[in-house]
Number of protein chains: 2
Amino acid sequence: MDPLPKSQIVAFEEQMEHFLPNHSVDCVILGYENQLLKVLLLKWKMYDAWCLPGGFIFKYEDMDKAAHRVLKERTGLDKIFLEQFHSFGKQKRAEHAASDEGRSIRESMSRLGFTKAETFKWFNTRFVTTGYFALVDIAKAQPQPDFLSAACEWKALNELPKLVLDHNEILEKAIHHLRLKINHVPLGVSLLPKKFTMQDLQKLYEAILGRPLERSNFQRKILKLEVLVRMEKLMSGAANKAPYLYSFDKKKYNHLIKAGIGF
Amino acid sequence: MDPLPKSQIVAFEEQMEHFLPNHSVDCVILGYENQLLKVLLLKWKMYDAWCLPGGFIFKYEDMDKAAHRVLKERTGLDKIFLEQFHSFGKQKRAEHAASDEGRSIRESMSRLGFTKAETFKWFNTRFVTTGYFALVDIAKAQPQPDFLSAACEWKALNELPKLVLDHNEILEKAIHHLRLKINHVPLGVSLLPKKFTMQDLQKLYEAILGRPLERSNFQRKILKLEVLVRMEKLMSGAANKAPYLYSFDKKKYNHLIKAGIGF
DNA sequence: TCTTATTGTATTCTTTTGACACAATAAAAT
DNA sequence: ATTTTATTGTGTCAAAAGAATACAATAAGA
């Protein structure tokens, strides 16, 4: 763990004065790749632990805006479906979390080159955090660690590392929220590339819901929503009938959002 | 607007030091009376405006606990269904709200007898607030104003006064949340007395959903859930067939919560 | 040409929903 | 004592939605 460049520390400490104290935002940024749901995580420099990408809210900034800023900074993505799902306000959010292996936050921060008492205090006070979730096309995102992180990577939901603080709980709540939400929002839009097969879409729904769906009934239900446009066939080279490609018809989102899909 | 007793001001200012800055909770406490949904509101002493019962979070207190404390202090009720639904984090939450008719908060606070600069500052800084909603039996609640309020009353949702800050928006969001939630939770439990007729329950659902439901289909749907126990008949004295009374079977909640009801 | 795996669609049966019908009944009116 | 009235519990029936299965069509390999 090398010390940070002095300039980064100074820059942060200058910003810090403009942050709203005691409140943060955390983003559960989900993507879909190789038939797996993945979440974007940061690896701390402080010690060996992963966390959700998060940030603080400027005093002059709307909270939603802060969440969008975090999303943009970690992925480069803009104008994305991003929704608040829950705020986490336990006094001791750190309890039952990944341990820091004996090292105090203070010690780790010293190693990174932090010196100001206010900065130590900032990271040791209680924060209420508001969770947001986003669904993004992994191919379009460009993961970017922040100055406190050594890595920013997609991790499959089925083999997650231990996360700091209550971030595992936050992530679980986000997934739960997503499973409810999938009945009301055309989620495929954000998670899949522009053109996709019916099988792609079904696998995505299965990944989100965590259970298999019946193929022909799934196809019938989705098509009846009339939000997909059938494109050319996909000649995959496999020894079987070629599936059609579909894309979403953006004009028809609204009626779908109102009506809802039920699986 | 008479000045407050000095002791109340001192007591608040002593508490204030122990509050988590920049964050509050607001409770949308709903009740049901005369076939109307009602919400518990406080009338400010500061100036002529109503607000949702709210409060601050102690530094040593979980946020959920703070919301329960507010509920208890305003209604005397304990161990009630109370759920977070959204956090409101706009920088200028006060915009588009009920005006203070030209008087500044500072001036009104002076009249009430506040003097400390920190207290003025407290009420003038930005707060993120987390909204909770509760469903209570009006007959059991005992509305109790706090020291900054002149009144604490149930107001029917269809004839609401203008509320301070963004409290109208908070209330709307709570109702929206409730309408979604009613499909998954046996809400009648909290809003109705122990024994009720099928008509009572239907009227409640209609009040929440804001639309009429077909009587016989409603009855069939509710009964099939198998969460009601049929009790004795209610001899109301009306010139017609007497309806049965029902009560909720607490043992069967869980399966209902999982399965959900759809109207 | 035959085989194989997958796809698009149809069929069948069951369940759910919405609209309406109707007998049962508590008490008031006659 | 009988009729009337309003409301309740239950039944029916057609339409819609859902689950399970069947089957022909088809791209490419054998």
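In this text the structure is predicted, and so the values were computed from the model without any measurement. Chain letters run A, B, ... following the sequence lines, proteins first, then strands; residues in each count from 1.
- Between A/L213 atom CG and D/dG18 atom P the separation is 13 Å, expressed in whole Å.
- Rounded to an integer number of Å, the gap from CG of A/L223 to C1' of C/dG8 is 9 Å.
- Listed by chain and number, the residues in a salt bridge (Lys or Arg N to Asp or Glu O under 4.0 Å) with A/K194 amount to none (sequence neighbours excluded).
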Side-chain donor/acceptor pairs under 3.5 Å, residues 234-248 of chain B, sequence neighbours excluded:
residue, atom, partner, partner atom, Å
B/S236, OG, B/A238, N, 3.3
B/Y246, OH, B/R230, NE, 3.2
B/Y246, OH, B/R230, NH2, 2.9

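- A straight line from CG of A/L201 to P of C/dT7 spans 13 Å, rounded to a whole angstrom.
- Where the helix from C/dT1-D/dA30 to C/dT30-D/dA1 starts and where it ends, the local axes point in directions that differ by 20°; five pairs per end, rounded to 10°.
- Residues meeting the ring-ring contact (aromatic ring centres under 6.0 Å, His included) test with B/H167, sequence neighbours left out: none.
- Dashed line: the shortest gap from a side-chain N or O of B/Q199 to OP1 or OP2 of D/dT8 is under 4.0 Å.
- Atom CD of A/Q202 is separated from atom C1' of C/dT7 by 12 Å (rounded to the nearest Å).
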*Going 5' to 3' along nucleotides 22-30 of chain D, which nucleotides have protein heavy atoms under 4.0 Å from the base (write B), which only from the sugar-phosphate (write S), and which from neither (write -)?*
---BBBB--

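- For the pair A/I222 CD1 and C/dT9 C1', the interatomic distance rounds to 16 Å; values are reported in whole Å.
- Ion pairing between a basic and an acidic side chain is recognised when a charged N comes within 4.0 Å of a carboxylate O; B/K90 and A/D64 show no such pairing.
- With rounding to whole Å, B/N217 atom CG is found 14 Å from D/dA16 atom C1'.
- No option in A/H68, A/E83, A/M63 other than A/M63 meets the side-chain contact (heavy atoms from CB on, under 4.5 Å) test with A/Y132.
- For the atom pair CZ (B/F88) and OG (B/S24), the distance works out to 11.0 Å, reported to the nearest 0.5 Å.
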When the side chains of residues 29-37 of chain B are checked against the rest of the protein, which donor-acceptor pairs come out under 3.5 Å, sequence neighbours left out?
residue, atom, partner, partner atom, Å
B/Y32, OH, B/K203, O, 3.4
B/Y32, OH, B/L204, N, 3.1
B/E33, OE1, B/K38, NZ, 2.9

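- Rounded to whole Å, atom C1' of C/dT7 lies 13 Å from atom NZ of A/K203.
- To the nearest 0.5 Å, the span separating CD on A/E214 from CD on A/Q219 amounts to 10.5 Å.
- Of the side-chain N and O atoms in A/R230, one or more sit less than 4.0 angstrom from OP1 or OP2 of C/dT9.
- The separation between A/M198 atom CE and C/dT9 atom C1' is 12 Å, rounded to whole Å.
- The 12-atom threshold is exceeded at NZ of A/K155, counting heavy atoms of other residues, nucleotides or ligands nearer than 6.0 Å.
- Under 4.0 angstrom from either OP1 or OP2 of C/dT15 there lies no side-chain N or O belonging to B/K224.
- If you check distances only, the side chain of B/R220 does reach the base of C/dG18 with a donor-acceptor pair under 3.5 Å.
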